[in-house]
Visitor: 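One structure, pasted below without further comment.
Residue indices begin at 1 and follow the sequence shown.
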Amino acid sequence: MPAKIDRIGRAHEWLTAYFLSNEEYLLEKANTYLELLDSIEQKRVRVGSKHTAEGIKLLEKESEIDKVKCIGDESKKSGPEDYDLMIYFKEGEPKGYSLKIQKNPQGVNVRNPTINSLCKFFTRNDFEKYLNLEE
């Protein structure tokens, strides 16, 4: 039985892949991990996966996605090629995406790493530093 953080991560990977491609077998696989989570965690994963897929679609808006493959453990190696998803396009080279999970005082949240990664790159600070409670 994978640890809770791994179950959340796997559900996030498979559900994000489903939202990118709408292939039913990806949803079935995501559900095998979602069923192991409580309802609050399931909601976090569903919302996080949907937002992650929307973010990837925005980044790849010039390309048509052909298929998405969850590669998780297959790519576990140190370095820049540690991907969770491989996205194949109708034209062009495939791209790997690494999906991150962030643990904070409120619990374990799935997040889209793009905005935090960009913020860290430009400011050397986490994105949350620039938000107040209302934001």
Side-chain angles (χ1 to χ4, degrees):
M1 173 72 67
K4 181 169 142 178
I5 191 90
D6 293 328
R7 294 189 301 263
I8 290 171
R10 296 286 182 246
H12 180 217
E13 292 166 15
W14 288 97
L15 200 53
T16 299
Y18 169 72
F19 286 134
L20 288 168
S21 68
N22 289 320
E23 298 214 28
E24 199 62 33
Y25 80 94
L26 296 168
L27 180 59
E28 290 170 12
K29 186 70 171 181
N31 284 333
T32 64
Y33 290 104
L34 286 170
E35 290 168 359
L36 301 172
L37 304 173
D38 66 36
S39 62
I40 293 170
E41 292 162 340
Q42 288 179 14
K43 183 175 181 178
R44 284 182 180 150
V45 170
R46 285 190 180 100
V47 169
S49 297
K50 190 168 198 144
H51 285 289
T52 300
E54 289 169 359
I56 290 172
K57 286 178 182 178
L58 272 175
L59 290 170
E60 302 297 346
K61 64 184 174 190
E62 303 299 320
S63 303
E64 186 179 350
I65 295 174
D66 184 37
K67 70 176 186 170
V68 181
K69 183 179 177 189
C70 291
I71 57 174
D73 287 334
E74 293 175 33
S75 74
K76 293 297 180 227
K77 47 188 153 189
S78 60
E81 294 186 21
D82 179 15
Y83 303 127
D84 297 310
L85 298 179
M86 186 61 70
I87 300 177
Y88 299 88
F89 303 97
K90 298 274 184 189
E91 295 181 17
E93 295 294 313
K95 285 187 186 175
Y97 275 84
S98 180
L99 308 181
K100 301 296 179 215
I101 294 179
Q102 173 180 329
K103 187 168 183 162
N104 65 39
Q106 288 79 38
V108 177
N109 291 301
V110 175
R111 69 174 174 87
N112 179 348
T114 307
I115 193 156
N116 199 51
S117 299
L118 289 171
C119 193
K120 275 186 160 178
F121 178 78
F122 288 114
T123 69
R124 292 185 173 53
N125 293 305
D126 284 329
F127 180 68
E128 288 86 6
K129 178 179 179 178
Y130 302 101
L131 298 177
N132 61 37
L133 288 176
E134 291 84 37
E135 292 172 316

Visitor: Does some side-chain heavy atom of E60 sit less than 4.5 Å from a side-chain heavy atom of I87?
Guide: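 The answer is no; the side chains never approach within 4.5 Å.
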Visitor: Give, for atom CG of L36 and atom CZ of R7, the distance between the pair rounded to the nearest 0.5 Å.
Guide: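 Answer rounded to 0.5 Å: 5.5 Å.
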Visitor: At their closest point, which heavy atom of S49 faces which heavy atom of H12, and how far apart are they?
Guide: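 Heavy-atom minimum between the residues: OG-CD2, 3.2 Å.
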Visitor: Is the shortest side-chain heavy-atom distance between D84 and I71 below 4.5 Å?
Guide: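 No, too far: nothing below the 4.5 Å cut-off.
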Visitor: I'd like to know if R44 pairs up with E41 as an ion pair, taking the criterion as any Lys NZ or Arg NE/NH1/NH2 lying under 4.0 Å from an Asp or Glu carboxylate oxygen.
Guide: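 No, no charged N to carboxylate O under 4.0 Å.
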Visitor: Side-chain contact test, heavy atoms from C-beta onward, threshold under 4.5 Å: evaluate it for L85 versus C70 and give yes or no.
Guide: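 The answer is yes; the side chains approach within 4.5 Å.
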Visitor: When rounded to the nearest 0.5 angstrom, what distance separates NZ in K50 from CG in L20?
Guide: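 Between K50 NZ and L20 CG, I get 12.0 Å after rounding to 0.5 Å.
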Visitor: What are the two closest non-hydrogen atoms of I40 and D38, and how far apart are they?
Guide: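 Taking I40 first and D38 second, the nearest heavy atoms are N-OD1, 3.1 Å.
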Visitor: Indicate the atoms forming the closest heavy-atom contact of E23 with Y18, along with that distance.
Guide: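 E23 and Y18 have their closest heavy atoms at O-CD1, 3.3 Å.
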Visitor: Which distance, rounded to the nearest 0.5 Å, do you find between the CZ of F19 and the CD1 of I56?
Guide: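 F19 atom CZ to I56 atom CD1 measures 12.0 Å (nearest 0.5 Å).
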Visitor: Taking all non-hydrogen atoms of both residues, which atom of Y83 and which atom of G96 are closest, and how far apart?
Guide: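 For Y83 and G96, the tightest heavy-atom pair comes out as CD2-C, 3.4 Å.
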Visitor: Could you check whether any side-chain heavy atom of K43 comes within less than 4.5 Å of a side-chain heavy atom of R46, counting everything from C-beta outward?
Guide: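 K43 does not reach R46 side chain to side chain.
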Visitor: Which pair of heavy atoms, one from D66 and one from K90, lies closest together, and at what distance?
Guide: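 The answer is OD1-NZ, 3.5 Å.
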Visitor: Quick one: pull up CG in N22 and CG in L27 and give me the separation to the nearest 0.5 Å.
Guide: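 Rounded to the nearest 0.5 Å, the CG-CG separation comes to 9.5 Å.
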Visitor: With hydrophobic residues grouped by side-chain heavy-atom distances under 4.5 Å, do L34 and V47 end up in a single group?
Guide: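 No, L34 and V47 fall in different hydrophobic clusters.
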Visitor: Counting only N and O atoms by type, is there a donor-acceptor contact under 3.5 Å from the side chain of K95 to the main-chain atoms of F89?
Guide: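 No, K95 side chain to F89 backbone: no donor-acceptor pair under 3.5 Å.
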Visitor: On a heavy-atom basis, which atom in S21 and which in L26 lie closest, and how many Å separate them?
Guide: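 Distance-wise, the nearest heavy atoms are OG-CD1, 3.1 Å.
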Visitor: With the side chain counted from C-beta on, respond yes when T16 and Y97 share a heavy-atom pair under 4.5 Å apart, and no when they do not.
Guide: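 A side-chain contact is absent here, since even the closest heavy-atom pair is not under 4.5 Å.
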Visitor: In Å, rounded to the nearest 0.5 Å, how long is the span from NZ of K57 to CD1 of I65?
Guide: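 Separation between the atoms: 6.5 Å.
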